[in-house]
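Worth knowing before you read on, the calculation uses all heavy atoms, side chains too, and leaves out hydrogens, waters and symmetry mates.
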Amino acid sequence: MNRYFFIAKNNMKKQKGDMITFLAMTFLASFMIFICLNLLTGTNRVLDTNKEKINGADIVVMKSDEELSDFKLDEIIQGNEYIRDMDVDRYLDSSSTKYRKIGSENWGNYAFYFFSYEDERTIQTASLDMSSLSGNDIVLPISLSPTYSVGDKMEIKIGENVYEFRVAGYNEDCIICSPMNFSVYKCFVSDKMYEQIRFENTYYVSSCKTYNIQLSDKAVKKHKSDEEISEDIYNEFNNWYHAYKNVHPDYEMSISLNFIPSGMMKVANMILPYIFISIILVFGLIILVISLVVIDFSIKNFILNNMKNTGIMEASGYTVREMISILLVQLLTVSGIGSIAGVSLGALLQGKIGFIILYLLGLSWNQKPDIAVLIGVVLGICFIIAAFTLFVGREYKKTTVLEALRGGINNHNFKKNLFPFDKTSFSIPVTIALKDTFGKFKAQIGVILIMAILAFSAAMGFGMYDNLGKDVDALLRISGLDMPH
């Protein structure tokens, strides 16, 4: 094995430029692939971690205030055998609210839900301690943290009434988190401001309730999903509603009702992050493919240019299998170093790169690097390189010892002479270049593939930069955030 390393080391020195390029590409590919796979596998756990932290609900029912129907819905929920616990919370629904940072001329327009941080909650609680807050303090969803820092003053306008708040912190909610799926900001204010907003804006604001429901162990044992139970509750309530309206046609009962199973929202919240991260993953795989094409081109040229050395080694007793083993040691050493360095940097920077999840999911990244993904990326890249090396190493089988000692020169070449010197009108350098290109066209396929992939990557990169990179607000609007114009 030591002799393999010795020969591989000398070969690396002869191919120094190509090996540095290969090292850089495997580094970039492993970095991007690890980051993307870690985000893809971790996004699901981000939601689960937040749900555990705030004692999240399995089903959330959002309903406008109406005394009779409130009583009936409460009765239906309490009577369901698959429900373990329920917590009722109040909030104000302001569907058209303007907001801005004090000092800014432009207003943003979005829907707001106002909760009171002085109310007690046991289910779907806040993700931060709000016991010390009071007065004009407001807790915003963390999706607004890139725009509003703690301590900033902001104005909220409802109708003709303008309220001034101080940003006191950020809340993370696994249900109302992604503006892409739930176009509303869930905020917490004091009791004083809650009552003031409700009293002064009776036309623009409606009083509502949320029924935060957790399922029992019986539901888990009988494989009853939150969507099934949510549908059962809705059907029972809907039947009662229509029956009551038939008996009491003169009774006015205007109800706004929304059933939100957490499982359904979890899937919906992950759609946008998965799409965006998958696009980046494709670029990482493209870089890996380019590195393979570069190495294919490099190895074939190396074998061609060192044909005599190959012949001497084969004449000295080295078999084709041993020649391929040397090549395997050489490429696995370089790719192993590059991929380990790439995933290590990805693991160190994943906290900062996790801001992608904040923009797309509306929750902060709260996961550690996935060791299984880290090891899998390194082993996966090394396996691909090993398989590719065995494929490329077949070039050794195509050359006999005698042909190698002659420098790869055959006695006869039966290929058509496309550019004969005595008939071409091109200059000698151009003719030689054309002979080399079209006479060995298969050898040029690698270069063609590299240029095609690079052209595609460049076009995609410039397109994404032109559409999104020049204006960060455009990316935020795609994710569902309403930015001031």
side-chain contact (heavy atoms from CB on, under 4.5 Å) partner of T49, chosen from L363, N366, N44:
N366
side-chain contact (heavy atoms from CB on, under 4.5 Å), paired with N50, selected from L47, V46, D48, I54
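Single side-chain contact (heavy atoms from CB on, under 4.5 Å) partner of N50 among L47, V46, D48, I54: I54.
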Relative to the ring of [Y], is the ring of [X] parallel (under 30°), tilted (30 to 60°) or perpendicular (over 60°)?
X	Y	result
Y185	F112	perpendicular
F27	F31	parallel
Y91	Y113	tilted

Search all heavy atoms of [X] against all heavy atoms of [Y] and return the closest pair with its distance.
X	Y	answer
F188	K186	CZ-CE, 3.8 Å
V377	S30	CG1-O, 4.0 Å
W240	S69	CH2-CA, 4.0 Å
C382	S335	SG-OG, 4.4 Å
L374	A347	CD1-CB, 4.2 Å
P141	C187	CD-SG, 3.9 Å

Is a side-chain donor or acceptor of [X] paired with a backbone partner of [Y] at a separation under 3.5 angstrom?
X	Y	answer
N269	M265	yes
D137	A168	no
D87	T122	yes
S143	G362	no
E172	S364	yes
W107	N109	no
D226	G263	yes
Y211	I59	no
S95	A111	no
Q124	A57	yes

Quick check: do [X] and [Y] have side-chain heavy atoms less than 4.5 Å from each other?
X	Y	answer
S207	L92	yes
L128	M130	yes
D191	D119	yes
S96	Y204	no
T26	I337	no
Y241	K72	no
L140	Y99	no
F71	E67	no

Taking atom [atom1] as the centre, does [X] end up with more than 12 heavy-atom neighbours from other residues, nucleotides or ligands that are less than 6.0 angstrom away?
X	atom1	answer
E160	CD	no
Y274	OH	yes
K192	NZ	no
N239	CG	yes
K98	NZ	no

Between [atom1] of [X] and [atom2] of [Y], what distance do you get to the nearest 0.5 Å?
X	Y	atom1	atom2	answer
R166	N136	CZ	CG	10.0 Å
M62	I260	CE	CD1	5.5 Å
E200	I158	CD	CD1	9.5 Å
M154	K101	CE	NZ	10.0 Å
D152	S145	CG	OG	11.5 Å
I384	T389	CD1	OG1	11.5 Å

Q196 vs N161, side chain to side chain donor-acceptor pair (under 3.5 Å): CA-CA, chis, key distance, verdict
CA-CA 10 Å; Q196 185 178 344; N161 298 312; over 6 Å; no
Listed pairs under 3.5 Å, donor-acceptor, residues 33-41 side chains, sequence neighbours left out:
unit_1 : atom_1 : unit_2 : atom_2 : d
N38    : OD1    : D370   : N      : 3.0
N38    : ND2    : Q350   : OE1    : 2.4
T41    : OG1    : L37    : O      : 2.9
T41    : OG1    : N38    : O      : 3.3

For C174 and S262, what are the C-alpha separation, side-chain angles and deciding distance, and is it a side chain to side chain contact (heavy atoms under 4.5 Å, CB included)?
CA-CA 8 Å; C174 58; S262 63; over 6 Å; no
Checking side chain to side chain contact (heavy atoms under 4.5 Å, CB included) for the pair F237/L257: CA distance, chi angles, key distance, verdict?
CA-CA 10 Å; F237 179 84; L257 193 62; 3.7 Å; yes
Steps toward side chain to side chain contact (heavy atoms under 4.5 Å, CB included) verdict (V150, Y170)
CA-CA 8 Å; V150 173; Y170 310 108; 3.7 Å; yes
Between R90 and E118 (salt bridge meaning N to carboxylate O under 4.0 Å), is one present in this structure?
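No.
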From R84, K51, K224, K266, residue fulfilling salt bridge (Lys or Arg N to Asp or Glu O under 4.0 Å) relative to D58:
K51
As a quick check of understanding, evaluate side chain to side chain donor-acceptor pair (under 3.5 Å) for D89 and T210, giving each step before the final call.
CA-CA 5 Å; D89 199 3; T210 62; 4.5 Å; no
For Y163 and N201, which I'm curious about, is there any donor-acceptor pair between the side chains at under 3.5 Å?
yes
Does the side chain of H242 pick up a donor-acceptor pair with the side chain of N246 at under 3.5 Å?
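Distance-only check fails for H242 and N246.
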Would you check, one step at a time, whether the test side chain to side chain contact (heavy atoms under 4.5 Å, CB included) holds for I76 with N80?
CA-CA 6 Å; I76 293 171; N80 192 296; 6.0 Å; no
